[in-house]
Number of protein chains: 2
Amino acid sequence: MDRSLRMTEPSRNRVGTTEKSLTILEHLQQEDGAGVTEVATTLDMSKSTVHSHLTTLVDCGYVTHHDKQYHVSTKLLRLGGRLRDQSPLYQAARIEMKSLAAETDGVVRLYLKEGDDATMIAQEGYHPGIRERHLGERTPLTESIAGPVMLAEHGRSDGEYSDDGEEADDAGNPDDDGTVTHSEIDEAVRDRFDRIHRRGYAVETGATGSDRTFAGALSRRDGTVMGALTVTVPGDAASPLSAGDRLLEAVERVELSLTSWYDSHATFSPKHSWHVHSN
Amino acid sequence: MDRSLRMTEPSRNRVGTTEKSLTILEHLQQEDGAGVTEVATTLDMSKSTVHSHLTTLVDCGYVTHHDKQYHVSTKLLRLGGRLRDQSPLYQAARIEMKSLAAETDGVVRLYLKEGDDATMIAQEGYHPGIRERHLGERTPLTESIAGPVMLAEHGRSDGEYSDDGEEADDAGNPDDDGTVTHSEIDEAVRDRFDRIHRRGYAVETGATGSDRTFAGALSRRDGTVMGALTVTVPGDAASPLSAGDRLLEAVERVELSLTSWYDSHATFSPKHSWHVHSN
DNA sequence: GGGTGTGTTCAACATATCTGAACGCATGCG
DNA sequence: CGCATGCGTTCAGATATGTTGAACACACCC
């Protein structure tokens with residue numbers, strides 16, 4: 001817990017050059033490719049500097065260079081993919097994700113809890129009407145359905161829902177009666193969490209369509225939350241209610257496989273610290 | 001000493017610092033996380049240098065730092081994921097991938113042709129017995145079944161399969177018909193390509209298990225190959241033969257959707273150059 | 001032809017990176 | 001306990017290194 005110094009930057013960056021290269025890389029990403037001068041003007045750098053960084057990124061394989069246009073390459077996908085594929089969470093979940101998607105004909109997503117955010121690291125199934133979610137997309141816990149269910153599950157361990165300074169909930173309450181006043185807010189939140197805990201999952205009806213999303217937290221044996229599993233079924237699904245029950249089965253099986261994995265890899269190497277993801 | 005090897009600069013790297021940072025990043029990736037001294041010793045750098053670069057990477061969000069261990073974060077997956085999700089190839093294929101996987105109960109994979117390599121950018125379905133393939137994995141065209149089918153399909157356009165090896169770039173010569181020069185050495189190869197062309201897809205039986213993989217190339221209207229679609233069904237599948245036919249349907253539909261996308265985006269912006277991927 | 005608009009190169013300078021040693025801070029072991 | 005060893009971290013100086021702006025090559029379009 002480092003106290004935030006009054007320096008604008010939390011910690012004094014050491015290597016400004018790398019920062020510059022990564023800024024250029026992210027700019028290429030956001031703009032879906034760009035040329036040298038475009039990057040130079042928008043990022044306020046000299047053309048030659050941008051050129052140097054871009055050639056370096058090309059040589060390292062992170063950027064492709066064709067027809068005066070620089071694009072990010074698939075190397076980022078490759079590096080990020082290996083990170084995901086090797087994670088025990090993904091390894092434990094993919095079997096259940098497949099069968100869950102097949103049986104409910106919905107879209108199944110796997111989230112990894114990272115601090116106060118949830119990152120979608122895998123997806124199975126597809127339906128044109130359902131809202132897209134990008135691979136690796138990172139959303140605050142307060143904005144996704146996967147969020148509340150994680151916070152609620154987190155509260156299960158210590159008997160109190162997490163209140164680490166972040167406002168756990170205020171927006172997107174599906175069934176909130178508008179007359180909530182100052183003191184009643186906490187109670188409403190607690191009520192919601194209790195309800196989630198009792199039912200084991202959260203439900204959210206899609207804003208636009210009539211699809212429903214069921215979310216369940218994936219927690220370790222000690223109660224800490226590792227991620228969440230989600231299935232959203234379209235409105236014209238055969239049996240939307242059974243999807244929720246089916247989700248709970250999948251969650252339970254994933255947790256089982258996960259804990260058994262940890263038992264077999266009980267060697268206390270500080271590597272593979274798949275437990276403290278909190279960046 | 002050996003001055004014959006004179007600075008065969010691929011292209012003179014400009015920014016060595018960035019190169020160093022990226023090397024550290026890739027080392028973290030390969031080792032599944034590491035500490036400062038481990039990186040410093042294996043990469044032959046001073047501890048303080050490694051520390052500087054790591055803090056920079058942490059500040060930029062590419063690396064997480066917990067318990068004396070540095071790991072790559074999900075930002076790489078996020079950046080690479082957006083690259084994939086925005087590609088018209090993926091957008092055109094995902095619907096067919098889902099239905100193809102559902103109907104054949106196999107593993108469907110989407111490959112993007114990049115020069116002489118094929119990169120797997122999407123996957124749908126899962127079967128425990130089938131050999132894993134990592135997201136973003138890049139394999140030479142000669143090693144995967146997706147490779148020959150791409151080379152064969154490529155030959156369909158100009159009547160000659162490409163064997164230039166290096167310069168795969170520049171699709172600017174549609175009628176670059178050098179006469180069929182070479183001897184019968186390549187006849188066996190040509191025979192294989194012809195067979196692939198006739199059948200429309202390639203089949204490969206898994207080395208270990210009894211699963212079969214069907215591959216079909218995804219090509220543009222001008223005949224150039226953009227990628228490949230692949231379905232592998234386990235040996236105990238209900239009707240393995242129909243999977244091949246079903247694959248061909250999917251390929252055709254994806255190509256249709258792809259060309260219509262290009263027509264609607266016919267504006268000739270040099271961006272979105274999803275045609276010359278040849279890094 | 002000369003006008004833009006690219007991307008690229010180069011030498012000189014000054015900036016920012018690298019270094020090695022010293023510092024906390026744990027853990028382990030005699 | 002106290003020394004020893006391992007880790008990550010900090011700091012000031014020296015040196016390598018990135019940055020800069022101008023000049024180059026090239027393509028395009030009035």
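Chain identifiers are assigned alphabetically (A, B, ...) following the order of the sequence lines, protein sequences preceding nucleic acid strands; residue numbering begins at 1 within each chain. Remember, it's a predicted structure, so these values are computed and weren't measured experimentally.
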Nearest-nucleotide 5' precedence on DNA chain C, B/D44 against A/G35: A/G35
Side-chain donor/acceptor of B/S257 to backbone N/O of B/V254, under 3.5 Å: no
Phosphate contact (D/dT9 OP1 or OP2) by B/H65 side-chain N/O below 4.0 Å: yes
B/S52 or A/V36, whichever maps to the more 5' nucleotide of DNA chain C: A/V36
Side-chain N,O (B/T37) to OP1/OP2 (D/dC7) below 4.0 Å: yes
Spacing of A/Q123 atom CD and A/R133 atom CZ [to the nearest 0.5 Å]: 10.0 Å
Rounded distance (Å) that lies between atom C1' of D/dT19 and atom CG of A/L43: 15 Å
Protein-nucleotide distance (B/M45, atom CE; D/dT17, atom C1'), rounded to Å: 14 Å
B/R14 CZ to C/dT9 C1', straight-line distance once rounded to whole Å: 7 Å
Residue-phosphate contact under 4.0 Å: A/H51 side-chain N/O, C/dT8 OP1/OP2: yes
No-hydrogen, no-angle side-chain donor-acceptor test under 3.5 Å, A/H53 and A/S21: yes
Spacing between A/Q69 atom CD and C/dT8 atom P, to the nearest angstrom: 11 Å
Backbone N/O of A/A217 and side chain of A/K113: donor-acceptor pair under 3.5 Å: no
From CZ (B/R78) to CG (A/L77), nearest 0.5 Å: 13.5 Å
Residue closer to the 5' end of DNA chain D, A/T17 versus A/K47 (nearest nucleotide): A/T17
Nearest-0.5 Å distance, CD of residue A/E26 to CG of residue A/L22: 6.5 Å
Atom-to-atom span, NZ of B/K20 to C1' of C/dT17 - whole angstrom: 8 Å
Presence of A/T49 side-chain N/O under 4.0 Å of D/dT20 phosphate oxygens OP1/OP2: yes
Nearest-Å distance for atom pair CG/P, residues B/D59 and D/dT9: 12 Å
Side-chain N,O (B/H53) to OP1/OP2 (C/dC18) below 4.0 Å: yes
Atom-pair distance (NE2 on A/H66; C1' on C/dG7), nearest Å: 15 Å
Five-pair end axes of the helix from C/dG3-D/dC28 to C/dC23-D/dG8, angle between them (10°): 50°
Separation of C/dT17 C1' from A/E19 CD (nearest whole Å): 14 Å
Closest-nucleotide 5' rank along DNA chain D - winner of A/K68 and B/Y70: B/Y70
Spacing of CD belonging to B/E132 relative to CG belonging to A/D85, to within rounding of 0.5 Å: 7.0 Å
